[in-house]
There are 2 protein chains.
Amino acid sequence: MGMIKCKKCNQIEFIQKSGIMRGKQRYYCKSCDFHFTINETTVPQENRRPHEVTIMDIAHQLGISKSTVSRALRGHADIHEGTRKMILDLAQELDYQPNPLANALLKRQTNIVGILVPEFRHYFFPTFIMGAQEVLSKAGYNVMICQSDESYETEVANVKALLRSRVDGLLVSITAKTDNFDHFRAVMQKEIPLVFFNRVCPELDTPQVIIDDYSGAFQAVEHLIEQGYRRIAHLAGPVTLQVSRLRLQGYIDALQKHQLPLDQDLIVYHDLTEEHARICTRQLLDLPQPPDAIFAVNDPCAIEIMLIAKERGINIPQDLGIVGFSNDPISAIIEPSLTTVEQPVWKIGEESARLLLEQMEHPTVEKRMLATRLIVRKSSQRSLPI
Amino acid sequence: MGMIKCKKCNQIEFIQKSGIMRGKQRYYCKSCDFHFTINETTVPQENRRPHEVTIMDIAHQLGISKSTVSRALRGHADIHEGTRKMILDLAQELDYQPNPLANALLKRQTNIVGILVPEFRHYFFPTFIMGAQEVLSKAGYNVMICQSDESYETEVANVKALLRSRVDGLLVSITAKTDNFDHFRAVMQKEIPLVFFNRVCPELDTPQVIIDDYSGAFQAVEHLIEQGYRRIAHLAGPVTLQVSRLRLQGYIDALQKHQLPLDQDLIVYHDLTEEHARICTRQLLDLPQPPDAIFAVNDPCAIEIMLIAKERGINIPQDLGIVGFSNDPISAIIEPSLTTVEQPVWKIGEESARLLLEQMEHPTVEKRMLATRLIVRKSSQRSLPI
DNA sequence: AAAACTATCGGGAAGCTTCTCGAAACGGGT
DNA sequence: ACCCGTTTCGAGAAGCTTCCCGATAGTTTT
């Protein structure tokens, strides 16, 4: 077998080949019953990212154990004042940053909260996120934001991804198309705190933060009636959403209270896209008996209504009164300015975050409802002097 | 010493007390030189979050080692087809989800990218984020979003927090107040990929994605000149930002090209807040020789200008031409519609993300510039029939 | 001075995965 | 039977932290 020496007994007589492993020849020493390969010293290739400062580095430099360092950094008792100062000083000097990954692995807690929204192009969700983030980051939580883009499949995939990321809690506003809630049941089964907001899901018994959609809608429509409108249409949202249903109910009840007939032709449902809003608006305006006012389920689609009305030369508010919902900043700027129902978006974010934090402490299914307020602007004030 | 038995030699004669540790009595056996405490079996309290399925669970259930399971799941070679199928089936059944924390700890890679923006109330940053997120999530990265709220201190804190979270890369648009860049130098020193976009920082030699602010501004102002405006003001952004400076330079050069005088009174700098925009606008309009057109550094402040002009009964575009920058959706809706410079926001997001991914592969300092396009609407078209 | 404490620190496991290296078993030539 | 090769699997370390428990030295009490 030539010049191969046994790694153990240093003999060369009893060596024989014993197969090939991963390309390298393997040898066997019959004398000492030992298998081995000859590992040519590979280049140590030190091109990896530079090592971050760890607790062990500090321990080594000070000649103490990592336990002691950890205790000093965590502010535990059972440690000498001098030692603590020494450790704290060195940590400062080396700019030591605790590795949250190791911590998360150990504690099974990432300090990350997932926020899942259908979109964040418009005013509502970004503002919500800001409100929630403020509360959460004060409590030491980071935030991971996903948008489902109004797609059920994306929503399911996002929930899965957030669970995989081991988020500690979830803030969710569902898609308009979501009619199966198994992915959220899975979350609940894993006992991961979950709070719905705005677009909640009534089938599931979870904490949630909503606004008083019913009253808001009721007030809005009553206001239109008081302004003298008699044929009031409703550009509704998808029936799948509780928000839409509540606003619709507010619309219906306001008409009923004032003994106005309920004409099914005057209720059209749209899927919250701008395109569909335009289609539905044209449908309403092309009616043999077109409405003299429209209550829209939210501001973005109220805006679309206004644009089409302007296009057709319809006078707002004389020939057509319009009321929106949500008080998007744009509604104050557009002309005529849009009457709308204000909802405390920032506060919804804060409350949702707070409710989530509470749920992390102890299980709860508390549901909170925040008040709305009608903001009367020009688009609905027929009584104004022209 | 009564009935205390030594845990080692089971004798009771040589036991004596030896101090108290954490409330519990400690004993010492003189015979076998052994210290011990009596730990009353504490309640096992199983109120912790239920254990997630791990690779070890699968291994145990199948009576094989975790290495084999890992290999099967990772799709490695060196594994029996039957074994692999068995493992894959069980993993499916148990809904096993690999723990990214353990992986991140091992690989020193979290697959998380941090995005740091000054705000996301308006159109630009949310849209940017959506574009970036699309590219990043396709590449297997999650996104962590922070907003500095135009505060330098918050920006620094956010960068620190993102570094602590061990993000694999950073997409940043700086604050208007940021004039010290040490926190970004720290990022570069740690060799963490970093891409600036929009509000970049020229001092640092990093990859960046910007748009052609200079040309956009130049075109916008030239358009105003062509429309017959002669006393064109500029509501500029903070000089600290390169974007502002480039747009200002475009403004200056356009005036110069057409031999118009450069009046310093007509250039006012504002801090990008709505309030300050209003103050600056009034300052311009109150000039002894007020401007007949204003080029605004972005659309939100162009909107403010329009609102004040309307308030004062100034006719747009006859008495005052206005051009904005960024093509916020609101600019098409407001009346009169706002002439503005379109920037491909979504694409900026995509490109920034792509550049970051490239930089993760190999170091680069590539800078990309995307084209702008002037969108002429009513607010600047004096030549239109009234 | 022995007995009983107190103050301070270290060892090692757990948390979950991937990867390297070696072991074991089996197959096919001679 | 022996030699050499292949296939398939397992042990164990690394990555970083926290926490439990025990060790050690010095201090007070009897």
Could you state the NZ-P distance from B:K17 to D:dT30, rounded to the nearest angstrom? 12 Å
With heavy atoms under 4.0 Å as the rule, sort A:L101 into base, sugar-phosphate or nothing. nothing
OP1, OP2 of D:dC3 versus side-chain N and O of A:K30: anything below 4.0 Å? yes
For A:N111 and D:dT17, what is the distance between atoms CG and C1' respectively, to the nearest whole Å? 14 Å
Base, sugar-phosphate or nothing for B:Q25? Non-hydrogen atoms, less than 4.0 Å. sugar-phosphate
Assess whether a salt bridge exists between A:E13 and A:K30, defined as any Lys/Arg side-chain N lying under 4.0 Å from an Asp/Glu carboxylate O. no
List for me each residue that meets side-chain hydrogen bond (donor to acceptor under 3.5 Å, both in side chains) alongside A:H80, sequence neighbours excluded, and say none if there are none. none
Give the rounded distance in Å between these two atoms: CD1 of A:I64 and C1' of D:dA23. 17 Å
Sequence-distant partners of B:D182, salt bridge (Lys or Arg N to Asp or Glu O under 4.0 Å), two or more places apart: B:R185
Under 4.0 Å between any heavy atoms, over every strand shown, what does B:I20 touch: base, sugar-phosphate, or nothing? Just pick one. base
All salt bridge (Lys or Arg N to Asp or Glu O under 4.0 Å) counterparts of B:K85, not counting sequence neighbours: B:D89
Who passes salt bridge (Lys or Arg N to Asp or Glu O under 4.0 Å) against A:E366, sequence neighbours left out? A:R368
Of the residues in residues 83-90 of chain A, which ones touch DNA chain D at a heavy-atom distance under 4.0 Å? none
Can you name the residues that form a side-chain hydrogen bond (donor to acceptor under 3.5 Å, both in side chains) with B:Y141, not counting sequence neighbours? none
Please list, one pair per line, the donor and acceptor atoms closer than 3.5 Å that link side chains of residues 70-78 of chain B to other protein atoms, with sequence neighbours excluded.
none

Take nucleotides 16-26 of chain C nucleotide by nucleotide from the 5' end and write B, S or -, depending on whether a protein heavy atom sits under 4.0 Å from the base, only from the sugar-phosphate, or from neither. BBBB-BBB---
Ignoring backbone atoms, establish whether A:S65 has a side-chain N or O less than 4.0 Å from OP1 or OP2 of C:dG10. yes
Report the distance from atom CG of A:D57 to atom C1' of D:dT17, rounded to the nearest whole Å. 13 Å
State, to 0.1 Å, how close B:I15 and B:C29 come at their nearest heavy-atom pair, and which atoms those are. CD1-CB, 3.8 Å
Calculate the interatomic distance between B:Y27 atom OH and D:dC21 atom P; express it in whole Å. 17 Å
Nucleotide D:dT30, atom P - distance to CD of B:Q16 in whole Å: 16 Å
side-chain hydrogen bond (donor to acceptor under 3.5 Å, both in side chains) against B:D149, all qualifying residues, sequence neighbours excluded: none
Rounded to whole Å, the CG-P distance (B:D33 to D:dG22) equals 15 Å
Can you name the residues that form a salt bridge (Lys or Arg N to Asp or Glu O under 4.0 Å) with A:D205, not counting sequence neighbours? A:K367
Heavy atoms from other residues, nucleotides or ligands near NE2 of A:H35 exceed 12 (cutoff 6.0 Å): yes
side-chain hydrogen bond (donor to acceptor under 3.5 Å, both in side chains) involving A:Q11 - partner list, sequence neighbours excluded: A:S31
If you fit an axis to the five pairs at each end of the helix from C:dA1-D:dT30 to C:dT30-D:dA1, how big is the angle between those two axes, to 10 degrees? 60°
